[in-house]
Asker: 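Sharing a structure, written as structure tokens. Questions coming.
Residue numbers begin at 1 in each chain, while the letters A, B, ... track the order of the sequences.
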2 protein chains.
Amino acid sequence: MTTQQQFYKSLKTLLDKMQLLDQAEMQAKLADFKPAEVHTIQYIGQHIGANVTAIAAGMYVTRGAVSKMTKRLIRRGLIEKYQSVENKKEVYFRLTAAGQEVYEQHEAMDRQHDQRDQVVFDSADPKQVAGTLQFLQAYNDHLDHELQRPKQGD
Amino acid sequence: MTTQQQFYKSLKTLLDKMQLLDQAEMQAKLADFKPAEVHTIQYIGQHIGANVTAIAAGMYVTRGAVSKMTKRLIRRGLIEKYQSVENKKEVYFRLTAAGQEVYEQHEAMDRQHDQRDQVVFDSADPKQVAGTLQFLQAYNDHLDHELQRPKQGD
DNA sequence: CATATTTTGTTTCTTTGTCAACAAAATTAA
DNA sequence: TTAATTTTGTTGACAAAGAAACAAAATATG
């Protein structure tokens, strides 16, 4: 297996495992809410005033998915939609008090996960950690570049 | 944002971007097959003789998902199921010639992706790359440990 | 050995997402 | 300014995966 393949596999399974762990905890602490609901609440909480298209881009899903999910969250009283006078086409969202409550519970959970994994960061060489972040950033930059240049013939 | 949060975000978006890029190419070159079909074919090709449970564990999905997908791949003539005389409960799979064909096309595509991103590995400090792999491995080991110890009270 | 428990795979129902078609609004071009 | 084009959001049909209930087979326990 090449370095690259190893890298990819490690990355993939790492996230799979995190999701497995996190999901179990979510089930327990936020049982009334589906994972995707919480995820969307989190994104809106962190990106106040984002419209459907921006949320879709940020969450790497389609606008259709966001449209449906926000509709559901509105129905459940967790977010509100609003529009601007300048632009009657775009739709923006904010958390309601109930949504804010869910948001904060989830944030607390996130901090617990951070605690759970802190030992990995603490016991590693700080230079190795910094190098890892730097490498991931370089890789991300490369892919951003690739995404902007979508094949020949466009 | 803490180092840990930065790390997680980089990881997540990196995989999101890869998937975005890869999916576009898949659509073009293996248009007759759904991503999940190709993914399962790839796993079976690399793990001959794996049963439903093993495939599910390896792919981080449920047995139900594997059961359904393998059924579909059999219907489409891409894999075969077989059983052993010693164990009439477990079900194993192998690729057919048609499945092998898809498998190889996908492998070729994977090698192209490797080429696409090789520059990232080439232009980085080899020590940084090695350090990154090491760190990811350490993190994976930590999570394996956490997954084996599923909370208090079990 | 006989029975209880666990493992394995399948199925049904639900959740989540994509895709494609569409309408309304905004932007660009003529 | 009017008309063509693009952007934005919504919807419906469908695809993929999860959870839970189940039956059959294997394993453990007495």
Side-chain angles (χ1 to χ4, degrees), chain A residues 15-16 19-28 30-44 49-76 79-93 154, chain B residues 15-16 19-20 22-24 26-28 30-44 49-76 79-93 154:
Chain A
L15 276 175
D16 283 341
Q19 204 189 348
L20 216 63
L21 279 163
D22 297 359
Q23 180 194 358
E25 203 172 328
M26 280 265 289
Q27 202 105 43
L30 286 170
D32 297 347
F33 306 94
K34 310 288 176 201
E37 293 174 341
V38 177
H39 190 198
T40 308
I41 286 172
Q42 182 192 27
Y43 194 90
I44 290 174
N51 65 354
V52 170
T53 298
I55 295 171
M59 295 182 70
Y60 291 90
V61 295
T62 60
R63 284 174 302 162
V66 173
S67 183
K68 284 177 220 178
M69 183 52 69
T70 51
K71 195 176 176 183
R72 196 160 106 195
L73 293 175
I74 290 167
R75 180 161 35 80
R76 298 199 57 184
I79 65 173
E80 298 174 334
K81 83 154 73 172
Y82 64 96
Q83 285 183 281
S84 131
V85 277
E86 294 119 48
N87 190 321
K88 300 179 193 313
K89 191 167 58 156
E90 297 182 339
V91 178
Y92 315 102
F93 302 94
D154 295 12
Chain B
L15 276 176
D16 283 340
Q19 203 189 350
L20 215 63
D22 296 1
Q23 179 194 357
M26 280 265 288
Q27 203 105 44
L30 286 170
D32 297 346
F33 306 94
K34 312 282 179 207
E37 291 174 342
V38 177
H39 190 199
T40 308
I41 286 172
Q42 182 191 27
Y43 194 90
I44 290 173
N51 64 354
V52 171
T53 298
I55 295 171
M59 295 181 70
Y60 290 90
V61 295
T62 60
R63 285 174 303 165
V66 173
S67 182
K68 284 179 253 182
M69 184 52 69
T70 52
K71 195 175 175 183
R72 194 159 108 197
L73 293 174
I74 290 167
R75 178 160 37 80
R76 298 199 57 182
I79 65 173
E80 297 173 336
K81 85 154 73 171
Y82 63 96
Q83 285 182 280
S84 132
V85 277
E86 294 119 48
N87 191 321
K88 301 180 193 310
K89 191 168 59 157
E90 296 181 341
V91 178
Y92 315 102
F93 303 93
D154 297 12

Asker: With Lys81(A), which residues qualify under side-chain contact (heavy atoms from CB on, under 4.5 Å), at least two apart?
Answerer: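 Residues passing side-chain contact (heavy atoms from CB on, under 4.5 Å) with Lys81(A): Ile74(A), Val91(A), Phe93(A).
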
Asker: Tell me whether the OP1 or OP2 atom of dT10(C) has a side-chain N or O from Lys81(B) closer than 4.0 Å.
Answerer: yes

Asker: Using a heavy-atom distance cut-off of less than 4.0 Å, which residues of residues 36-43 of chain B contact DNA chain C?
Answerer: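 None - not one residue of the stretch has a heavy atom sitting under 4.0 Å from the strand.
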
Asker: Distance check needed: dT10(D) C1' versus Phe93(A) CZ, whole Å only.
Answerer: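 Answer to the nearest Å: 11 Å.
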
Asker: Look at Thr53(B) and dG9(C) and indicate whether a side-chain polar atom (N or O) is within less than 4.0 Å of OP1 or OP2.
Answerer: yes

Asker: Just how far is it from atom NE2 of His39(B) to atom CG of Asp22(B), taken to the nearest 0.5 Å?
Answerer: 11.0 Å

Asker: How would you list, by chain and number, every residue that makes a side-chain contact (heavy atoms from CB on, under 4.5 Å) with Lys88(A), sequence neighbours excluded?
Answerer: none

Asker: So, under a plain 3.5 Å distance rule, would you say the side chain of Lys89(B) forms a donor-acceptor pair with the base of dT7(C)?
Answerer: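 Indeed there is one.
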
Asker: Rounded to whole Å, please give me the gap between CG in Leu30(A) and C1' in dT15(C).
Answerer: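 From Leu30(A) CG to dT15(C) C1': 17 Å.
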
Asker: Who are the side-chain contact (heavy atoms from CB on, under 4.5 Å) partners of Lys34(A), not counting sequence neighbours?
Answerer: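 Glu37(A), Arg72(A).
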
Asker: Just how far is it from atom OG1 of Thr70(B) to atom NZ of Lys68(B), taken to the nearest 0.5 Å?
Answerer: 11.0 Å

Asker: Rounded to the nearest 0.5 Å, how far apart are CG of Asp32(A) and CZ of Arg76(A)?
Answerer: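 Going from CG on Asp32(A) over to CZ on Arg76(A), the span is 7.0 Å.
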
Asker: Measure OH/Tyr92(A) against C1'/dA25(C) and give the value in whole Å, please.
Answerer: 12 Å

Asker: Run the side-chain donor-acceptor check on residues 49-66 of chain B: report pairs under 3.5 Å with partners two or more places apart or on a different chain.
Answerer:
| unit_1 | atom_1 | unit_2 | atom_2 | d |
| --- | --- | --- | --- | --- |
| Asn51(B) | OD1 | Ala54(B) | N | 2.9 |
| Asn51(B) | ND2 | Glu90(B) | OE2 | 3.4 |
| Thr62(B) | OG1 | Ala65(B) | N | 3.2 |

Asker: Expressed in angstrom and rounded to an integer, what is the separation of Asp16(B) atom CG from dT18(C) atom P?
Answerer: 11 Å

Asker: Tell me every residue that passes side chain to side chain donor-acceptor pair (under 3.5 Å) with Gln19(B), counting only those two or more places apart in sequence or in another chain.
Answerer: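 Per chain and number, Gln19(B) pairs via side chain to side chain donor-acceptor pair (under 3.5 Å) with no residue.
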
Asker: If only side-chain N and O atoms of Asn87(B) are considered, is one of them under 4.0 Å from the OP1 or OP2 phosphate oxygen of dT8(C)?
Answerer: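 Negative; the distance criterion is not met.
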
Asker: Pull out every protein N or O sitting under 3.5 Å from an N or O of nucleotides 18-21 of chain D, one pair per line with the distance.
Answerer:
| unit_1 | atom_1 | unit_2 | atom_2 | d |
| --- | --- | --- | --- | --- |
| dG18(D) | OP2 | Thr62(B) | N | 2.7 |
| dG18(D) | OP2 | Thr62(B) | OG1 | 3.1 |
| dG18(D) | O6 | Lys68(B) | NZ | 2.2 |
| dA19(D) | OP1 | Gln23(A) | NE2 | 2.7 |

Asker: Could you tell me which residues satisfy ring pair (Phe, Tyr, Trp, His ring centres under 6.0 Å) with Phe33(B), sequence neighbours excluded, listed by chain and number?
Answerer: none

Asker: Counting only side-chain N and O atoms of Lys71(B), is one of them less than 4.0 Å from OP1 or OP2 of dT11(C)?
Answerer: yes

Asker: Just the rounded figure in Å: distance from P of dA24(D) to CD of Gln83(B).
Answerer: 14 Å

Asker: Rounded to whole angstroms, how far apart are CZ on Phe33(B) and C1' on dA16(D)?
Answerer: 18 Å

Asker: How close or far is atom P of dT8(D) from atom CD of Glu86(A), stated in whole angstroms?
Answerer: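 Rounded to the whole Å, the gap is 16 Å.
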
Asker: Would you say a side-chain N or O of Ser67(B) is under 4.0 Å from OP1 or OP2 of dG9(C)?
Answerer: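 No, outside the criterion.
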
Asker: Distance check needed: dA17(D) C1' versus Lys34(B) NZ, whole Å only.
Answerer: 15 Å

